[in-house]
Undergrad: 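Dumping the structure here so I can ask a few things about it.
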Amino acid sequence: MLNASDMAVRSQSTSPRAIEGYLAAGVRVYSVADLHAKVVATKRHAVIGSANVSARSRCVALEAVLITDSVSTVRQVQEFVQELADLGLPLTAQDLPRLWRLWAEGDTCRLP
């Protein structure tokens, strides 16, 4: 679940490279415009944190992430993610060329 709106990708807040990696790993990826929450739900773990799906979060920003296997927390995060998925737009590999074009239009500073 991420925000792959044109504005988020063009501003380089959301990285097509990260989306590409998730898709290659078999992750179902959904875009929800204006989403700012950072959560991941797996069958046994919930990940909740401040990190964005961006190079800046990966390489520059100081981020905090909590990973838990608490059954009740995992269930709550799974329900939250499912609710967002129901509202979101599924992304596939066919979306990547458009996302890369938007990324290239961005005028923010580039990281090495």
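Nothing here was measured: the structure is a model prediction, and the numbers come from that model. Computed over heavy atoms, backbone and side chain alike; hydrogens, waters and symmetry mates excluded.
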Undergrad: Partners of T42 by side chain to side chain donor-acceptor pair (under 3.5 Å), sequence neighbours excluded?
TA: none
Undergrad: Could you work out, with side-chain contact (heavy atoms from CB on, under 4.5 Å) as the rule, every residue matching V39, not counting sequence neighbours?
TA: I48, V77, F80, V81
Undergrad: I need the minimum non-hydrogen distance between W103 and P16, along with the two atoms involved.
TA: CE3-CD, 3.3 Å
Undergrad: For residues 64-71, run the donor-acceptor check on the side chains, cut-off 3.5 Å, and write out each pair with its distance to 0.1 Å, sequence neighbours left out.
TA:
| unit_1 | atom_1 | unit_2 | atom_2 | d |
| --- | --- | --- | --- | --- |
| T68 | OG1 | S70 | N | 3.0 |
| S70 | OG | S72 | OG | 3.4 |
| S70 | OG | T73 | N | 3.4 |
| S70 | OG | T73 | OG1 | 3.2 |

Undergrad: Return the minimal non-hydrogen interatomic distance between K43 and Q78, and the atom names on each side.
TA: O-NE2, 3.6 Å
Undergrad: Can a donor-acceptor pair be found, under 3.5 Å and without considering hydrogens, that links the side chain of T14 to the backbone of N3?
TA: yes
Undergrad: Below 3.5 Å, can you tabulate the donor-acceptor pairs from side chains in residues 94-102 to any protein atom, sequence neighbours excluded?
TA:
| unit_1 | atom_1 | unit_2 | atom_2 | d |
| --- | --- | --- | --- | --- |
| Q94 | OE1 | T92 | OG1 | 2.7 |
| D95 | OD2 | T92 | N | 2.8 |
| R98 | NH1 | D6 | OD1 | 2.8 |

Undergrad: Considering residues at least two apart in sequence or located in another chain, which fulfil the side chain to side chain donor-acceptor pair (under 3.5 Å) criterion with S31?
TA: none
Undergrad: Treat each ILVMFWY residue as a node, draw an edge where side-chain heavy atoms are under 4.5 Å apart, and state whether L87 and L35 are in one component.
TA: no
Undergrad: Mind checking side-chain contact (heavy atoms from CB on, under 4.5 Å) for Q82 and listing every partner two or more places apart, or none if nothing turns up?
TA: A85, D86
Undergrad: For V29 and Y22, which heavy atoms make the closest approach, and how far apart are they?
TA: CG2-CB, 3.7 Å
Undergrad: Establish, from distance only, whether the side-chain atoms of K38 and H36 form a donor-acceptor pair under 3.5 Å.
TA: yes
Undergrad: For residues V40 and V32: do they belong to one hydrophobic cluster (side chain heavy atoms under 4.5 Å, members Ile, Leu, Val, Met, Phe, Trp, Tyr)?
TA: no
